[in-house]
Amino acid sequence: MLDYEFIAAPNEKSRRLWIMLHGLGDSLQGYLWMPEALALPDMNYLLVNAPDEYYGGYSWFNFGGDIVPGVARSRKLIFDLLDSQRDSGFPTEQTTLGGFSQGCLMSIDVGLRYPHRLAGIVGISGYVCEADQLVSELSPVAKQQRLLITHGNADPLIPLQQVRADVAVLKAAGLNLQFHEFAKAHTIAGEAELRLIREFVRAGYASVVGQ
């Protein structure tokens, strides 16, 4: 099981949930700022640590070689986490799955394979693991999923051209995908990007639960 911290919404009756997956070498501690910054009063948060220790933080997969086995292992762990949250009273259709960098990759990888529809998938400053293979393994509800991907035009770690190519493969498969580029490096571009994410998330709940 993955280690995580749950941050309850001010509205204790809300079943809305954001599951946040961090990037390489980070931890759930790196996203304790998120609830205040996103200002979504009905949102509960589940901040998750990746399974592998990495220089004081954690990693979702070994990026130095073949990433596929590690991605598959972490995919299973996140599937189990989503299932456990369903069992705990947080419906998948009211759950947003999001992540940064490695967490972005995992959010896309999991969200498009998971057999239940989410409120939304948010991928920030990441890429796709084997995009063509992913398209061949889409879940039956993948084309109903809402997906937002953002990336920086000055990202020194993940080239924008690579991400554009991944996005093209996903769009060609008929997925409901929004892609936005920001003038940023490997980071989150302040309030401008947060505003876009906030609006995307709100729209997902409006369409799913009629509010």
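If you read the sequence from its start, that first residue is 1, and numbering goes on from there. Remember, predicted model here, so these are calculated numbers, not experimental data.
- By the ring-ring contact (aromatic ring centres under 6.0 Å, His included) test, H180 pairs with no residue at all, sequence neighbours left out.
- Taking the six-membered ring where tryptophan is involved, the planes of Y31 and F100 are tilted, since the angle between them lies from 30° to 60°.
- No continuous path of ILVMFWY side-chain contacts below 4.5 Å connects M1 to L46, so the two sit in separate hydrophobic clusters.
- Every pair passing side chain to side chain donor-acceptor pair (under 3.5 Å) that includes a residue from residues 56-65 is listed here, sequence neighbours excluded: S59-Q102.
- The closest donor-acceptor contact from the side chain of H186 to the backbone of P156 lies at 3.5 Å or more, if one exists at all.
- With values rounded to the nearest 0.5 angstrom, L38 atom CG is found 9.0 Å from M20 atom CE.
- Not one N or O on the side chain of R117 forms a donor-acceptor pair closer than 3.5 Å with the backbone of E93.
- R146 places no side-chain N or O within 3.5 Å of a backbone atom of N176 that could act as its donor or acceptor partner.
- Partners of F61 by ring-ring contact (aromatic ring centres under 6.0 Å, His included), not counting sequence neighbours: none found.
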### Task
Determine, step by step, whether I78 and D109 satisfy the side-chain contact (heavy atoms from CB on, under 4.5 Å) criterion, reporting the C-alpha distance in whole Å, the side-chain angles of both residues, the deciding distance to 0.1 Å, and the verdict.
CA-CA 10 Å; I78 298 169; D109 187 273; over 6 Å; no
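- Every residue two or more places apart in sequence or in another chain that forms a side-chain contact (heavy atoms from CB on, under 4.5 Å) with R15 is listed here: F90, P91, Q94.
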N/O donor-acceptor pairs under 3.5 Å from side chains in residues 121-133, not counting sequence neighbours:
unit_1: S125; atom_1: OG; unit_2: K184; atom_2: NZ; d: 2.9
unit_1: S125; atom_1: OG; unit_2: T187; atom_2: O; d: 3.4
unit_1: Q133; atom_1: NE2; unit_2: E137; atom_2: OE2; d: 2.4

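- For the ring-ring contact (aromatic ring centres under 6.0 Å, His included) test, residues two or more places apart in sequence or in another chain that qualify with F79 are Y114.
- Atom CG of L175 and atom CG of L170 lie 5.5 Å apart (nearest 0.5 Å).
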